[in-house]
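Have a look at the structure below before the remarks.
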Amino acid sequence: VSSIWIMAIFVILLGILLSRTTFGRYVFAVGGNTEAARLAGIRVNAIRIVAFGLSGIAAAIGGIVDASRVMSASAAGNNLAFTVLAGIVVGGTSIMGGLGNYTGTIMGTLILTVLSYLLATINSSTVEFHWFVNRSSQIPLNILLLSSFLIGLLIALMALRFKKIK
């Protein structure tokens with residue numbers, strides 16, 4: 001089974017879970033405002049435990065797919081944390097919380113993947129997402145990632161200021 005199909009099935013199942021069930025509404029409530037969710041009668045700790053458990057299952061599936069793809073496993077990883085966070089922010093999720101959805105995250109990740117493959121094709125070398133690597137193909141990608149973080153931070157700060165003014 002292709003890794004794309006595994007991801008598609010997992011995304012569809014989690015999308016249904018988050019958008020069509022009471023548990024999904026509780027997850028968004030706890031993520032948006034923990035204290036308000038607690039006062040509304042939601043068992044915040046139980047929701048957090050299940051959400052982190054689902055996150056762990058997703059990480060395990062991703063690790064199994066990655067290990068089967070390269071036919072080896074490494075505990076050190078390959079420095080994808082910045083790339084993953086950048087895909088989330090490019091997809092429209094706020095760093096400060098309270099804004100975002102899974103379809104935006106998928107679109108942000110696809111945008112970064114397509115951009116990296118385009119840059120690899122243009123440069124005819126492998127593009128890796130390392131911030132301090134000095135490659136000419138890294139400059140446009142790093143500018144995009146940094147600007148997406150700054151725009152996300154600016155939007156979050158403006159939203160906080162707007163709430164204080166009201």
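Here the structure is a predicted model, which is why all the values come from computation and not from measurement.
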Fill in: Stepwise side-chain contact (heavy atoms from CB on, under 4.5 Å) test for Ile64 and Ile6
CA-CA 11 Å; Ile64 291 168; Ile6 293 171; over 6 Å; no

Please tabulate, for side-chain N and O atoms in residues 22-31, each donor-acceptor pair with protein atoms closer than 3.5 Å (sequence neighbours left out).
| residue | atom | partner | partner atom | Å |
| --- | --- | --- | --- | --- |
| Thr22 | OG1 | Arg25 | NH2 | 3.4 |

Could you give the side-chain donor-acceptor pairs of residues 36-47 under 3.5 Å, partners two or more places apart or in another chain?
| residue | atom | partner | partner atom | Å |
| --- | --- | --- | --- | --- |
| Arg38 | NH1 | Glu35 | OE1 | 3.3 |

Item to complete: Tell me who clusters with Ile12, hydrophobic residues only, linked when side chains sit under 4.5 Å apart either directly or through other members.
Response: Ile16

Discussion item. Please enumerate all residues that pass side chain to side chain donor-acceptor pair (under 3.5 Å) together with Thr34, with sequence neighbours excluded.
Written reply: Arg48

Fill in: Shared-cluster residues of Ile49, by chain and number - hydrophobic side chains joined below 4.5 Å
none

